Amino acid sequence: MGQTNVFPTAETVDPITGMPVSTPDSGSKASGKRLAAVVLATLLIGVLILGLLWFFLFRPSSDGTTGSTGPVEVTATFTGTVDPACADLGAALTADDLSTTVVSRLNDVAIAKDLEENKAYFEQLAKDIAPLMDQYQSACVAAVSAGNAPEFYRTFVDTFEASVTDGASVATTALDSGGQVPPEDADRLRAEASKLEASSAAVISTSGITEEPSPEVSASPEVSGSATAPETDSVVPSPIG
């Protein structure tokens, strides 16, 4: 009495083979575990596929973090005379097609073209424009803030300075890494080139400057021509080059 029957019974023995068989409960538990594993794996694969679709198709572009330009307002409502600081600096930096040359060289660096030449060009240009920027940049930005010059003058001056700095630094980094320009650097240079091109066109349109046909750019890093501003009552910027 009180002992458990450990011998096979009719319920645990196959009537044909006489071999013990598994109880229905153990079989259903194993099947349930397999089903749960299959369902979980399917869900994980579905989540992975949705994540990849979102990343490649629906993820917002990150270009804005590297300098999304947007339109540069050329027909800004502005009456009166442009402050001499902005007029002189804008004239100097667009004379002899200088801003267009910078745009072209930025795009060249973005595709790793003529890196050594462009590195030397931007480094020399940074030295050439330093006196102009020291003399006029702060005054021009202040004039824009005071409403004495259109906003795109600030955009042009700041973008020009950033373009020269980034053109030199990206070219240097690319040369140090075997001539490869990282995609994010290339995107930044193209964005700056687009922004500089649009803002310089606005400056030229407002000041009434007419660009001459683009001169052939020398292989020398020296800046082509003389970027001398038109005569005004204020001090005329020093020539570039």
Side-chain angles (χ1 to χ4, degrees), residues 51-72 89-90 92-134 137 154-204 211-227 238-241:
L52 292 174
L53 287 174
W54 177 85
F55 184 84
F56 290 107
L57 299 179
F58 304 109
R59 181 172 62 94
S61 173
S62 60
D63 291 343
T65 61
T66 59
S68 178
T69 61
V72 176
L89 185 55
L93 297 180
T94 55
D96 297 320
D97 221 17
L98 178 59
S99 58
T100 302
T101 300
V102 171
V103 168
S104 176
R105 288 183 177 270
L106 283 174
N107 287 320
D108 283 349
V109 174
I111 59 173
K113 178 181 177 181
D114 300 330
L115 290 174
E116 291 186 1
E117 177 186 331
N118 286 312
K119 173 180 178 291
Y121 174 86
F122 283 119
E123 288 177 344
Q124 182 61 47
L125 182 57
K127 297 175 182 178
D128 292 339
I129 66 173
L132 289 171
M133 291 297 190
D134 291 343
Q137 186 175 15
R154 188 207 309 267
T155 301
F156 170 71
V157 172
D158 290 348
T159 304
F160 194 104
E161 183 181 46
S163 297
V164 174
T165 300
D166 288 345
S169 65
V170 172
T172 299
T173 301
L175 287 170
D176 292 341
S177 59
Q180 299 296 319
V181 177
E184 59 272 18
D185 288 342
D187 289 344
R188 185 172 78 254
L189 292 184
R190 292 190 184 98
E192 288 177 344
S194 176
K195 197 170 187 177
L196 181 61
E197 184 175 34
S199 58
S200 65
V203 168
I204 291 169
E211 284 188 307
E212 298 296 330
S214 302
E216 181 179 353
V217 179
S218 171
S220 169
E222 296 293 330
V223 179
S224 302
S226 171
S238 303
I240 296 178

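Everything quoted here is computed from the prediction, not taken from an experiment.
Applying the side-chain hydrogen bond (donor to acceptor under 3.5 Å, both in side chains) test to Asn107 and every residue at least two apart in sequence or in another chain returns nothing. In terms of the side-chain hydrogen bond (donor to acceptor under 3.5 Å, both in side chains) criterion, Asp114 has no residue partners (sequence neighbours excluded). Shown here are the salt bridge (charged side-chain N to carboxylate O under 4.0 Å, His left out) partners of Glu197, two or more places apart in sequence or in another chain: there are none. Here Asp185 pairs with Arg188 under the salt bridge (charged side-chain N to carboxylate O under 4.0 Å, His left out) rule; sequence neighbours left out. Partners of Glu161 by side-chain hydrogen bond (donor to acceptor under 3.5 Å, both in side chains), not counting sequence neighbours, listed by chain and number: Gln137.
Side-chain contact between Leu98 and Leu125: present, with at least one pair of heavy atoms (C-beta onward) separated by less than 4.5 Å. Proximity of Thr165 to Glu192: side-chain heavy atoms (C-beta onward) are nowhere separated by under 4.5 Å.
With values rounded to the nearest 0.5 angstrom, Leu196 atom CG is found 11.5 Å from Asp158 atom CG. With values rounded to the nearest 0.5 angstrom, Lys127 atom NZ is found 6.0 Å from Gln124 atom CD. With rounding to the nearest 0.5 angstrom, the CD atom of Glu123 is 12.0 Å from the CG atom of Asp128. Interatomic distance, CG of Asn118 versus CG of Asp108, reported as 5.5 Å (0.5 Å rounding).
Closest approach of Gly179 and Leu115 over heavy atoms only: CA-CD1, 3.9 Å. Across all their heavy atoms, Ser99 and Ser200 have their closest contact at OG-CB, 3.5 Å. Taking all atoms of both residues into account, the shortest heavy-atom contact from Ser163 to Val102 is CB-CG1, 4.2 Å. Nearest heavy atoms, Ala92 versus Leu132: CB-CD1, 4.0 Å. Pairing each heavy atom of Thr101 with each of Tyr121, the nearest pair is CG2-OH, 3.5 Å. For the residue pair Ala193 and Val103, the shortest heavy atom distance occurs at O-CG2, 3.6 Å.
No donor-acceptor distance shorter than 3.5 angstrom exists from the side chain of Asp166 to the backbone of Leu189, with no hydrogens or angles considered. Under the 3.5 Å distance criterion, the side-chain polar atoms of Thr159 are left unmatched by any main-chain donor or acceptor of Phe156. Side chain of Thr173 to main chain of Ser169: a donor-acceptor pair is present (N/O by atom type, distance under 3.5 Å, no hydrogens or angles).
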Quiz item: Is there a salt bridge (charged side-chain N to carboxylate O under 4.0 Å, His left out) between Arg190 and Asp187 once you walk through the steps?
Solution: CA-CA 5 Å; Arg190 292 190 184 98; Asp187 289 344; 3.7 Å; yes
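Screening residues 170-181 for salt bridge (charged side-chain N to carboxylate O under 4.0 Å, His left out), with sequence neighbours left out, gives no hits.
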